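Scroll down for the structure; my scribbles are underneath it.
Here is how names work: the chains are called A, B, and so on, in the same order as the sequence lines, proteins then strands, and each is numbered from 1. What you see is a predicted model; the values in this text were computed from it and never measured.
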Amino acid sequence: MEIESQYSPQETEKKIYQFWMKNGFFKPEKSAPKKSKGTYTVVLPPPNVTGCLHMGHTLNVTIQDALIRWKRMQGYKTLWIPGIDHAGIAAQNVVEKNLRKEGVSRFDLGREKFIEKVWEWKQKYGDIILDQFKQIGISCDWSRTRFTMDKDYTKAVETAFEYYYNKGMVYRGKRVVNWCPRCQTSLSELELDHQEEQGSLWYIKYPLADDKDRYVTVATTRPETMFGDTAVAVNPSDKRYEKLIGKKLYIPIINREIPIVADQMIDQTFGTGAVKVTPAHDMADAEIGRKHDLEIIQVIDERAKMNQNAPVQYQGLKAAEARQKTIEELANLGSIEKIEPYTHQIPKCSRCNATIENMPSWQWFVKMEGPAKKALAAVEKGKIKFHPKHWENLYFSWMRNVRDWCISRQIWWGHKIPIWFCQTEPEKYFLSVKPPKKCQICKHCQPKQTEDVLDVWFSSALWPFATLGWPKKTKDLKTFYPTDSLTTGHDIVNLWVSRMIFSSLEMTGAIPFKDIVINAMVKTKDGKRMSKSLGTGIDPLTLIEKYGADATRFGLAWQITELQDMRFDEANIMAGKKFANKIWNAARFVGWQIGSEKIDVAKAPKPITDVDKQVLAELKALVRSTNEFLKNFEFGKAIQDIYHFFWHTFCDIYLEAAKKQINETQDKKLQSNTRNILMYVLVNSLKMLHIFMPFVTEQIYQLLPIKNKKKALIIENWPK
RNA sequence: GGGCGCUUGGCUCAGCGGUAGAGCGACUCGUUUACACCGAGUAGGUCAGGGGUUCGAUUCCCUUAGCGCCCACCA
């Protein structure tokens, strides 16, 4: 073989990937043997349309590709379905931000036009993201690529909603949400930034109703919400207030009567141990309010101004202005006991930095009691396993305390909830997936669909089966479902994995997957989060360009342990590049020793010398341990062992010995046997290496003189 | 506030009841007909601190400190 002594991934990788694609090796129909050992299915956690490839994705798909390639070579009918998530508010944000550069808001455009814009974005960037994945060399069946807003997928979403609705599991309720007064939408916790602000803690005296000379002092950072107070809460075991529980207090200024209630939640050591409860404007207070059946009085509106429930002189004031006025008025009344400086975290809108207001709003919920029970049992009984196991704790703790799922969002981009409101009786509604011909309530009005959109996770929860065609009874669904393993980060165990499990049990009656592989979070060497905005992110595409995809994959796989974080060290990628070169040169040497004679590697040659014995025995042991490691999803150990064998046993010891066994003897039998062993060990090493470093290994395979060679290494038989 | 994880040679990490290993890096020597992205070696750690269990602990338990993550309703 006339080959360069330096392996250059950049030229090879593109060529090899095209070769695989052209031959359809990623498709189960083309890659599986006629008599397959069964199926092995994986669904790719769909990246957001907004995203571009980061180290987390790279690690995540490296693992999945190793599994899929391993199973494919073992003779399973393997399918790996890729796709993209429409990413709800994240996508809406990005497009909105882009529009803002042109001085246009989404409200200027209107809903229809805006959604068109998001679709344009998706068309443009969806493919870019998938191309990035291809650069890593992953073997997804691209012909089955799905998007969570595709027509068929939308059908699945509607069917799922219908299912819950018809079973009486969907309801509408008022709940305190995070509201951005500028963006006019509720936001999830993930969409908030917390900023430290210097504020004050005001100690305000609330007089007792039956004895105006006595009072209870409450501490608050938000005095202006006092007009919405419907109780004062104390800890039941707080001696100071024991005798006051159940008595009434007056809210200063407005002199409305409110009860003193007892609640475990109250921290006796904070402030005065007595808390004003404003169920409308505080999540915690809302919880207390629910427990004690308190009235909810909203005093701040959607624009963060005081509404008609506040005293007249306050109405229309911004919350901050109202606070000032409240303090002045309280001071005049002599109701302020003291003021302490207080530093606290203020929630801000991550998009526009406006201060978030908590306020009650109507939302849609799915009852979780039934689904959670089933989902819990599936993991408890071991039908679904977490790897590493301890991650199941995260799942259990969430599932055991799960609250009803708020599935509605007040954004524009997403699946519209198929609920229609009667215009005659506006409180009444009905379900209709298609625009209804007439109102099912009053039979004569023109019903209006809710503006709300479903939580993105509602649709991603259906991913394992909706990608296979559900609710249609497709051949794919029948063949490939349930899937086998799901690989993802621990950050979305509750958001996503849990929801896939119960959704699958509800919709299909089956578990969505058997094994959940939790991959580590990739952090910087100093343990910092990798983030673009912090400038701590590392772009995997740059690494691929610099060292090659094989090296990048190797470097990441090498660092896989059971830990929750991976401190990423680029040195390992460099080691990967060296290793790729080592493999390349070992193969070059073997090819050189052999010439053009085709070697049969179907069976292991018989050893003659001690080194022969050693290398063959170690290879055999390696195959066994590698299978064991992979079965247990211990990828780091697997690649480290293969590396060690290849470099130190095969190259350092056997190759050196082989030089002597071939060149320093006249023994023809020993010479040819040594050549056979060289080729045999090389090819079998390549097979195992292939699942982590697919490109170099395939390239070498293509060049080697082997008898009865398969068309490609990717469909070769896994060593026995 | 609660929960979880981590703390082992310069760096990234294994390991595990009987006084420590790998890769990278460093150093020494060697090799220029597979590979200098190489080979053969060497140095380097009181296994975060304290306490306990034990014949014996890096390994088990408690505790302190630091780091990280998740959850949460400190007004």
* Asked: Do A:Phe554 and A:Trp558 have ring centroids that are under 6.0 Å from one another?
  ->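 Yes - the distance between ring centres of A:Trp558 and A:Phe554 falls below the 6.0 Å cut-off.
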
* Quick check, are the ring centers of A:Tyr7 and A:Trp584 under 6.0 angstrom apart? ->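 Yes - the distance between ring centres of A:Tyr7 and A:Trp584 falls below the 6.0 Å cut-off.
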
Students often get this wrong, so: under 4.0 angstrom with heavy atoms, is [X] touching a base, only sugar-phosphate, or nothing?
{"X": "A:Ile288", "answer": "nothing"}
{"X": "A:Tyr643", "answer": "sugar-phosphate"}
{"X": "A:Trp398", "answer": "nothing"}
{"X": "A:Glu656", "answer": "base"}
{"X": "A:Asn494", "answer": "nothing"}
{"X": "A:His648", "answer": "sugar-phosphate"}
{"X": "A:Trp647", "answer": "sugar-phosphate"}
{"X": "A:His490", "answer": "sugar-phosphate"}
{"X": "A:Leu655", "answer": "base"}
{"X": "A:Gln559", "answer": "sugar-phosphate"}

Euclidean distance for [atom1], [N] against [M] (whole angstrom):
{"N": "B:rG52", "M": "B:rU58", "atom1": "P", "answer": "14 Å"}
{"N": "B:rA34", "M": "B:rU42", "atom1": "C1'", "answer": "27 Å"}
{"N": "B:rC13", "M": "B:rC47", "atom1": "C1'", "answer": "13 Å"}
{"N": "B:rU19", "M": "B:rU32", "atom1": "P", "answer": "43 Å"}
{"N": "B:rU33", "M": "B:rA14", "atom1": "C1'", "answer": "38 Å"}
{"N": "B:rG5", "M": "B:rC73", "atom1": "P", "answer": "23 Å"}
{"N": "B:rG45", "M": "B:rG9", "atom1": "C1'", "answer": "4 Å"}
{"N": "B:rC16", "M": "B:rA57", "atom1": "C1'", "answer": "10 Å"}

Opposite nucleotide pairing with [N], Watson-Crick or G-U, both atom distances under 3.5 Å:
{"N": "B:rG45", "result": "none"}
{"N": "B:rC6", "result": "B:rG66"}
{"N": "B:rU32", "result": "none"}
{"N": "B:rG1", "result": "B:rC71"}
{"N": "B:rG17", "result": "none"}
{"N": "B:rU53", "result": "none"}

* With no hydrogens and no angle check, is any side-chain donor or acceptor of A:Ser335 less than 3.5 Å from a backbone partner on A:Pro252? ->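 No, A:Ser335 side chain to A:Pro252 backbone: no donor-acceptor pair under 3.5 Å.
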
Spacing of [X] atom [atom1] relative to [N] atom [atom2], expressed in whole Å:
{"X": "A:Arg588", "N": "B:rC38", "atom1": "CZ", "atom2": "P", "result": "14 Å"}
{"X": "A:His292", "N": "B:rC73", "atom1": "NE2", "atom2": "C1'", "result": "12 Å"}
{"X": "A:Ile560", "N": "B:rA14", "atom1": "CD1", "atom2": "P", "result": "12 Å"}
{"X": "A:Arg567", "N": "B:rC6", "atom1": "CZ", "atom2": "C1'", "result": "8 Å"}

Is the closest side-chain donor-acceptor distance between [X] and [Y] under 3.5 Å?
{"X": "A:Asn235", "Y": "A:Asp263", "answer": "no"}
{"X": "A:Lys637", "Y": "A:Ser625", "answer": "no"}
{"X": "A:Gln699", "Y": "A:Thr12", "answer": "no"}
{"X": "A:Glu357", "Y": "A:Thr355", "answer": "no"}

Does [X] place a side-chain N or O at less than 4.0 Å from the phosphate oxygens OP1/OP2 of [N]?
{"X": "A:Lys578", "N": "B:rG25", "value": "yes"}
{"X": "A:Lys582", "N": "B:rG39", "value": "yes"}
{"X": "A:Tyr395", "N": "B:rC70", "value": "no"}
{"X": "A:Lys523", "N": "B:rG68", "value": "no"}
{"X": "A:Arg222", "N": "B:rA75", "value": "no"}
{"X": "A:Thr561", "N": "B:rA14", "value": "yes"}

* To do: Would you kindly check if the NZ (Lys) or CZ (Arg) of A:Lys659 is within the cone defined by 45 degrees around the ring axis of A:Phe589 and under 6.0 Å from the six-membered ring centre?
  =>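 Yes, A:Lys659 lies over the aromatic ring of A:Phe589.
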
* Asked: For RNA chain B, whose closest nucleotide is more 5', that of A:Asn585 or that of A:Asp565?
  ->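 Its nearest nucleotide being more 5', the pick is A:Asn585.
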
* Select from A:Asp491 and A:Ala571 the residue whose nearest nucleotide in RNA chain B is closer to the 5' end of that strand. =>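 Nearest nucleotide further toward 5': that of A:Ala571.
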
